[in-house]
Amino acid sequence: MYLVLDIGGTFVKFALMDASGKITHRGKTPASRENRAEFEDVIFSIIDKYDSTHVKGIAISCPGTIDVESGMIYHGGSFPFLHKVNLKQRIEEKYQKEVSIENDGKCAALAELWLGNLKNVKDAVVLVLGSGVGGGIIMNGKIHRGFHQSSGEVSYVMDNIEIQTRVGQFFGFACSAVEMIRRIAELKKLTDKTDGESVFKYIVNKDEEAMVIFDEFCIHLATQILNLQYILDPETFAIGGGISAQPVLLERIHWALAEVTKANPMHVANPKVVACKFQNDANLYGALYHFFISKEKQIVG
């Protein structure tokens, strides 16, 4: 058995998984964003609960730019205090277990490559829609990392810039599922501004006000899919995140692609877009797959 941790901005999800990816136990606990000591207390308390001889190793999905060879975290996303912290090394020394750590967007891509809708696909892009846009780029059947380990950080891609101020509009904000849901919830006067289920009821029923915001979201997303198609020319795009479970999302992405292409006749690209198989569990599967890949590299090396 392997202990797998998915460190998210709100919760740390964890699971006991076997080598085939079967989950035998799972749970989640609030993630501390106060400081490093409290954050590590949460992580260590989970490991303490499951640390035993039958746990062969620990696999971690974490925000930030990750040097997967050394285990060093840079920037840390929602956890800025993790900048230049080697969480992998700290856990290995404390528990005497093999540990691997990988960026959360890349974990989502690895999950699809291993057991999901990108199995046997050589070149693909995974876009995870959440508070921002996480990403993973697969080239020749492997995760592409780039010189600075930051390939796939598509939230920082700009799709517009104000010439006078030089201030850009970022993909991560324009296609934030959390922000899109908040805007519609506010417009429809919902008490809970994070109530995605209620928001999507308005969308499915084609509520006029909700559709204006949702269509804007999908047009921005389609625009960046077309941009990435020309830059990387992948075989497939896989869309992940909690909202990817909504069939209307994929329907409207295809509609938006057609709309943008029709308005810009120069376009010749025709991206193939599918939903990810794994939604909220993607990072767990991807982190475990990365654990196996990292161990294979050690053996070969």
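Worth saying up front: this structure is predicted, and the values here are computed from it rather than measured.
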If the threshold is 4.0 Å, N to carboxylate O, is there a salt bridge linking K88 and E92? yes
When you look at K201 and E197, which way does the salt bridge (charged side-chain N to carboxylate O under 4.0 Å, His left out) test go after all the steps? CA-CA 6 Å; K201 284 178 183 175; E197 285 190 19; 5.7 Å; no
Return the NZ to CG distance between K106 and L110, rounded to the nearest 0.5 Å. 9.5 Å
Between F292 and Y2, is the ring pair (Phe, Tyr, Trp, His ring centres under 6.0 Å) condition met? List the steps. CA-CA 11 Å; F292 296 146; Y2 301 86; 5.2 Å; yes
Hey, could you give me the CD/CG distance between Q229 and N227, rounded to the nearest 0.5 Å? 10.5 Å
Of V12, L5, I101, which meets side-chain contact (heavy atoms from CB on, under 4.5 Å) against C62? I101
Establish, yes or no, whether the cationic atom of K188 lies under 6.0 Å from the six-membered ring centre of Y202 and within 45° of the ring axis. yes
With K94 as the cation and F44 as the aromatic partner, state whether NZ or CZ is under 6.0 Å from the six-membered ring centre and within 45° of the axis. yes
Distance (rounded to the nearest 0.5 Å) between R252 CZ and Q246 CD: 14.5 Å
Can E112 and K277 be counted as an ion pair, charged N to O under 4.0 angstrom? no
H25 and Y50 aromatic ring geometry - parallel, tilted or perpendicular at 30°/60° bounds: tilted
Less than 4.0 angstrom from a charged side-chain N to a carboxylate O is my criterion; do D281 and R26 meet it? yes
Using 0.5 Å steps for rounding, measure from the CZ atom of F170 to the SG atom of C175. 13.5 Å
Once the angle between the rings of H267 and Y230 is folded into 0 to 90°, is it parallel (under 30°), tilted (30 to 60°) or perpendicular (over 60°)? parallel
Please round to the nearest 0.5 Å and tell me the distance separating atom CG of N283 and atom CD1 of I7. 10.5 Å
NZ/NE/NH1/NH2 to OD/OE distance under 4.0 Å, R183 and E186: no
Tell me if the aromatic rings of F81 and F39 count as close, with their centers under 6.0 Å from one another. yes
Do the side-chain N and O atoms of Q169 and D159 include a donor-acceptor pair separated by under 3.5 angstrom? yes
Compute both the distance and the angle, then confirm whether K28 meets the cation-pi test with F11: under 6.0 Å from the six-membered ring centre, within 45 degrees of the axis. yes
In Å and rounded to the nearest 0.5 Å, what is the CG to CG distance from L129 to L221? 5.5 Å
